[in-house]
Amino acid sequence: MPDGKAASPERVVIVGSGFAGFTCARKLCRILASAERDTEVVLVSPEDYMLYTPLLPDVAGGLIDPRFVTISLADALPRVRLMVGRAESIDLANKTLEVTSNHGPERELSWARLVLTPGSVTRLFDVPGLAEHARGLKTVAEALYLREQLLRQLELSEYEDDPEVRRARRTVVVVGASYAGTELIAQLRALADDYADRRGLDRSEIKFLLLDTAERVMPEVGDQLSDKVLEVLRERGIDIRLETSLKELTDRQVVLTDDSVVPAYTVAWVTGVTGAPVLSTLNLPMEKGRLVVDEQLQVAKHPEVFAGGDAAAVPDLTKPGTITPPTAQHATRQGKVLARNVAASLGIGRAVPYKHRDMGLVVDLGPGFAVANPMGLRLSGFPAKVVTRAYHTFAVPRAVNRWAISLAYATNAVTPRPLSLLGLVSPEEASFDRSERIPKKE
Ligand SMILES: Cc1cc2nc3c(=O)[nH]c(=O)nc-3n(C[C@H](O)[C@H](O)[C@H](O)COP(=O)(O)OP(=O)(O)OC[C@H]3O[C@@H](n4cnc5c(N)ncnc54)[C@H](O)[C@@H]3O)c2cc1C
């Protein structure tokens, strides 16, 4: 692969293969092909797949196989040159970037246009023990680990003599009651219920605790649906403590901000995100941990540099004075605008501003229940479940993955979830520094 400096003067390098980078690469290739330009499009990504993150709670709950939520870049983007590695440092003056990989030598790559779409990582707070003992939900490793950790602890609890330790093994704490944390706890509860039913255990012996500093669960769906979610989760035996968070963690217990102590071996931290670490190496203006761009997704004073998705603070033209929230819905649409505007900067077509009115959320909350507010319509229960599953199945950008996901849902309608423990991910592999590359604090 021609990765040296003497490359085509029209090389476009895209950093990150998530919703924004993947969509940008796909659309840009189409635009370039129809303009009959041989501009090279290079996609730099640590993984050779695009991860459909909204279904990670289903992976953690053992409903969907992790392969089904990963879209092979080689299959989906045949015209793109894929460089599997991580953009480590970016030299804006010389228009180069360093790419490192665990599997090969470091490379320097030159670019004529740079598209920064490295997404986000879990936002960690200064809570003692958090980085060591909690795990996030942004990667396949983290989702798989949470499933295996829950099953392993349940299995170990069955021949544990010490009642305190048994209780800790049978307790799961999830911090963060916005949609991702709430979906996660609903799926883990369903997995634990399946386990209890098949192993003759009382479901109520397995405790789930959901914490958030906010006054409501999932405030993003509005008060009415939020109340409904609270009611349903409580009916399932999930202990929800609002205006409460973690003060401290050890390997066997958590201390809450109200000073109560809860013995627990499994803690998930799903409280929000901040821009990918590589962004802070750029010395460019940031807002809320995201790179500041204008409405055409360009970086000020660097007209050849573009950014979008969770990595970028994009002005929300539908709500002046705010930036677009970090969602797949925005990242995908920003990917399309990135492609158009990069092409325009190369003399193909005209640049457009990014403007998209939020279409609402769909949130799958385990067996028989979901909430959704598409176009302001408030849905819960079975109708929301149908909309949610149909939306995600349709939104996954490859037919073979859609097929596999539909089959998994169909299988789950008639059989309980598989409980086998494959032991694929170690606690270290799922840690924030290894799986999300969040630098450890000294
Ligand atoms: C559990 C969960 C559920 C969610 N559910 C929903 C939902 O239902 N609806 C919704 O709209 N949104 C949802 N989101 C949010 C959504 O996933 C994000 O907003 C979306 O993924 C952002 O897309 P992106 O392309 O900006 O970043 P990402 O999809 O995160 O992709 C970024 C990519 O860049 C790569 N990368 C990072 N650093 C580098 C580097 N230095 N060099 C090269 N590559 C790099 C990463 O490995 C990754 O592949 C959910 C998120 C989570 C975690």
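Fair warning: this is a prediction, and the values are worked out from it, not measured in the lab. Atoms within each ligand, like the ligands themselves, are counted from 1 in listed order. Worth knowing before you read on, the calculation uses all heavy atoms, side chains too, and leaves out hydrogens, waters and symmetry mates.
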(request) Would you mind telling me which of Ile90, Asp91, Leu116 makes a side chain to side chain contact (heavy atoms under 4.5 Å, CB included) with Leu97? (result) Ile90
(message) I want to check a possible cation-pi pair here: Arg189 against Phe208, using under 6.0 Å from ring centre and within 45° of the ring axis as the test.
(response) no
Which residue and non-hydrogen atom of the protein lie closest to [atom], and at what distance in Å?
| atom | result |
| --- | --- |
| atom 23 (O) of ligand 1 | Ala331 CB, 3.4 Å |
| atom 42 (N) of ligand 1 | Ala87 N, 2.9 Å |
| atom 45 (C) of ligand 1 | Pro46 CD, 3.7 Å |
| atom 36 (N) of ligand 1 | Pro118 O, 3.6 Å |
| atom 30 (O) of ligand 1 | Gly119 CA, 3.9 Å |
| atom 31 (O) of ligand 1 | Gly18 CA, 3.1 Å |

Identify, by atom number and element, the atoms of ligand 1 in contact range of [X], meaning under 4.0 Å from any of its heavy atoms.
| X | result |
| --- | --- |
| Pro326 | 15 (C), 19 (O) |
| Leu137 | 1 (C), 53 (C) |
| Ala20 | 25 (O) |
| Val278 | 41 (N) |
| Val44 | 43 (C), 44 (N) |
| Thr53 | 1 (C), 2 (C), 3 (C), 16 (C), 17 (O), 21 (O) |
| Lys138 | 53 (C) |
| Gly309 | 26 (O) |

(request) Measure the CZ-CZ distance between Arg79 and Arg26 for me, rounded to the nearest 0.5 Å. (result) 11.5 Å
So which bit of [X] gets within less than 4.0 Å of ligand 1, heavy atoms only: side chain, backbone, both or neither?
| X | result |
| --- | --- |
| Thr117 | backbone |
| Tyr179 | side chain |
| Pro54 | both |

(request) Using the salt bridge (charged side-chain N to carboxylate O under 4.0 Å, His left out) rule, collect all pairs that involve residues 369-390, keeping only residues at least two apart or in two chains. (result) Asp364-Lys385, Asp364-Arg389
Looking at [X], I'd like to know if its [atom1] atom is crowded, meaning that more than 12 non-hydrogen atoms belonging to other residues, nucleotides or ligands lie closer than 6.0 Å.
| X | atom1 | result |
| --- | --- | --- |
| Gln224 | CD | no |
| Glu235 | CD | yes |
| Arg417 | CZ | yes |
| Phe382 | CZ | no |

Is [X] in polar range of ligand 1, meaning some N or O pair under 3.5 Å apart?
| X | answer |
| --- | --- |
| Pro57 | no |
| Phe19 | yes |
| Glu47 | yes |
| Leu56 | no |
| Ala328 | yes |

(request) For Phe22, check ring pair (Phe, Tyr, Trp, His ring centres under 6.0 Å) against everything at least two apart and list the hits. (result) none
(message) So, applying side-chain hydrogen bond (donor to acceptor under 3.5 Å, both in side chains) with Thr324, which one of Gln329, His356, Lys355, Gln334 is it?
(response) Gln334
(request) Could you tell me whether Phe19 and Tyr52 have their ring centroids closer than 6.0 angstrom? (result) yes
(message) Quick check: Phe432 with Trp269 (ring centres under 6.0 Å apart)?
(response) no
(request) Would you sort out whether Val115 and Val13 count as a side-chain contact (heavy atoms from CB on, under 4.5 Å), showing the intermediate values? (result) CA-CA 6 Å; Val115 181; Val13 173; over 6 Å; no
(message) Looking at non-hydrogen atoms alone, which of Asp310, Asp364, Thr281, Val273 comes nearest to atom 18 (C) of ligand 1?
(response) Asp310
(request) Identify whether the distance between the nearest side-chain nitrogen and carboxylate oxygen of Asp433 and Arg437 falls below 4.0 Å. (result) no
